[in-house]
Amino acid sequence: LEALSARLEELKAQAEAQSVEKGKADTLFRTLEDILRKVRGIESDSAALDAEYSKVTRIHQLVSGPGNPYRINLQSFVLGLMLDEVVQEAGRYLSRLSRGRYSLVRVDEGDRRSLGGLDIEVCDAHLGAQRRVATLSGGELFLASLSLAFGLAEVVQAHAGGVRLDSIFIDEGFGSLDSETLESAMSALGEIQSEGRLVGVISHVAELRERIPARIEVGDGRLQVISG
C-alpha cells in the first residue's frame, strides 16, 4: 500500500504538471489563432492594395509617358494642346507681319528634334518647306516672337473668362528690322490697333518717331509727351 500510495502521489504530480503544460499550450494555441487571423486579414488587405497599386501604376505609366503610345507625359500633352492654340493664333499674326510668307507649326511628337512635342518651326511659303527657328534672321525672329506674344495674349484672353487684354507693350526689337520688314511690322501693328487694342512700343529707332504720332520721348533729364 505504501508503494501504491507513493506511485499515486507521483502520478498526481505528473498530472498536475501536465495540466499546467496543457494550460500553457491552450494559451499559446489561442494566441497563434489570433495571429493567424491577423495574418490572413493582412493577406486580404495586401491583395486589395496590390490590385489598387496595379491600377495606380497603370494610370501613372499612362500619364507619365511610358504607358501610352505617344511616349509623352500628361503635362506635355496639356501644354501641347495649349501650344496648338497659341501657334494657331500666332501663325495668323505672323502671316500678316510677313505678308503671307511665314506661318508657324508645332513639331510633331515623333520628331526626335522636338522638345517632347513642344517645339515650333516656321513654314516658309517661298521655300515650300518647314524651317528651324534658328535659321531665321534677326528681323524674322523678332516678327515670330511678336506674333507669339500676340497669339499668347489671344489664348490667355480666351481662357480668362471673357477678360480682354486691351493693351500690349513691345520693348525694343525694331532695330534689327530692315526698312521693308519694319514697314510690314508697323502696318500690321496699325491693323491690330485698329481692332481696338492699344499697342505700346518702347524703342530707340528714330524712324518710329515719324510713324507713331502719340508718344512719350525721354531725354537727358526731360520727358516730353507728344500726341499727334
Side-chain angles (χ1 to χ4, degrees), residues 1-91 104-123 130-135 141 144-145 147-165 168:
L1 291 176
E2 290 180 0
L4 291 175
S5 295
R7 178 59 178 165
L8 178 60
E9 292 300 326
E10 181 182 349
L11 292 175
K12 286 182 178 179
Q14 290 178 0
E16 184 176 353
Q18 289 177 353
S19 178
V20 171
E21 291 299 323
K22 180 179 179 300
K24 292 180 180 179
D26 288 343
T27 301
L28 178 60
F29 178 75
R30 288 192 294 271
T31 301
L32 292 177
E33 279 189 325
D34 291 339
I35 294 175
L36 180 60
R37 283 193 295 270
K38 291 179 181 179
V39 169
R40 288 175 176 171
I42 292 173
E43 287 179 345
S44 178
D45 294 341
S46 178
L49 288 175
D50 284 341
E52 187 67 20
Y53 176 77
S54 178
K55 295 178 184 178
V56 173
T57 299
R58 289 197 299 272
I59 294 173
H60 175 266
Q61 291 178 344
L62 178 64
V63 301
S64 63
N68 63 67
Y70 300 103
R71 314 295 293 181
I72 183 172
N73 61 46
L74 180 61
Q75 180 182 13
S76 296
F77 177 74
V78 174
L79 289 175
L81 294 179
M82 296 294 294
L83 185 58
D84 280 335
E85 296 184 44
V86 173
V87 168
Q88 182 177 1
E89 292 296 328
L104 297 173
V105 62
R106 181 164 72 97
V107 177
D108 185 76
E109 291 84 352
D111 194 327
R112 293 183 179 179
R113 298 176 302 170
S114 66
L115 302 176
L118 299 179
D119 201 5
I120 299 174
E121 288 190 351
V122 178
C123 291
Q130 293 180 199
R131 293 171 51 186
R132 301 281 289 171
V133 174
T135 65
L141 187 59
S145 300
S147 300
L148 284 170
F150 282 123
L152 180 60
E154 293 289 349
V155 173
V156 170
Q157 179 175 289
H159 288 272
V163 176
R164 176 171 174 78
L165 300 178
I168 188 168

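Excluded from the calculations below are hydrogen atoms, water molecules and symmetry mates; all remaining heavy atoms, backbone and side chain alike, are included.
- Panel note: side chain Ser46, backbone Ile42; no donor-acceptor pair is recorded below 3.5 Å.
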(message) For Glu10 and Arg7: C-alpha separation, side-chain torsions, deciding distance, then whether salt bridge (Lys or Arg N to Asp or Glu O under 4.0 Å) applies.
(response) CA-CA 5 Å; Glu10 181 182 349; Arg7 178 59 178 165; 3.2 Å; yes

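- Residue Lys55 holds its NZ atom at 5.5 Å from CD of Glu52, rounded to the nearest 0.5 Å.
- Checking side-chain atoms of Thr57 against main-chain N and O of Tyr53 turns up a donor-acceptor pair under 3.5 Å.
- Of all heavy-atom pairs spanning Cys123 and Val105, the tightest one is SG-CG1, 3.8 Å.
- Judged by distance alone, the side chain of Thr31 and the main-chain N or O of Thr27 form a donor-acceptor pair under 3.5 Å.
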(request) For Glu16 and Lys12, run side chain to side chain contact (heavy atoms under 4.5 Å, CB included): C-alpha distance rounded to whole Å, both residues' side-chain angles, the deciding distance at 0.1 Å, then the answer. (result) CA-CA 6 Å; Glu16 184 176 353; Lys12 286 182 178 179; over 6 Å; no

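- The heavy-atom pair separating Ile120 from Val133 by the smallest distance is O-CG2, 3.1 Å.
- Contact record, Asp119 with Arg132: OD2-NH1, 3.2 Å, taken as the closest heavy-atom pair.
- A side-chain hydrogen bond (donor to acceptor under 3.5 Å, both in side chains) with Glu121 is found for one member of Gln130, Arg106, Arg131 and no other, namely Gln130.
- Judged purely by atom type and a 3.5 angstrom limit, Ser19 has no side-chain atom pairing as donor or acceptor with the backbone of Ala15.
- With 3.5 Å as the limit, one finds no donor-acceptor pair spanning the side chains of Ser44 and Arg40.
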(request) Could you give me the CA-CA distance, side-chain angles and deciding distance for Asp26 and Lys22, then say whether salt bridge (Lys or Arg N to Asp or Glu O under 4.0 Å) is met? (result) CA-CA 6 Å; Asp26 288 343; Lys22 180 179 179 300; 2.9 Å; yes

(request) Apply side chain to side chain contact (heavy atoms under 4.5 Å, CB included) to Arg58 and Ser54, showing your working. (result) CA-CA 6 Å; Arg58 289 197 299 272; Ser54 178; 2.8 Å; yes

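- Met82 and Val155 make their closest contact through CE-CG1, 4.0 Å (heavy atoms, listed as atom of the first residue, atom of the second, distance).
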(request) Check step by step if side chain to side chain contact (heavy atoms under 4.5 Å, CB included) holds for Val39 and Ile35. (result) CA-CA 6 Å; Val39 169; Ile35 294 175; 4.1 Å; yes

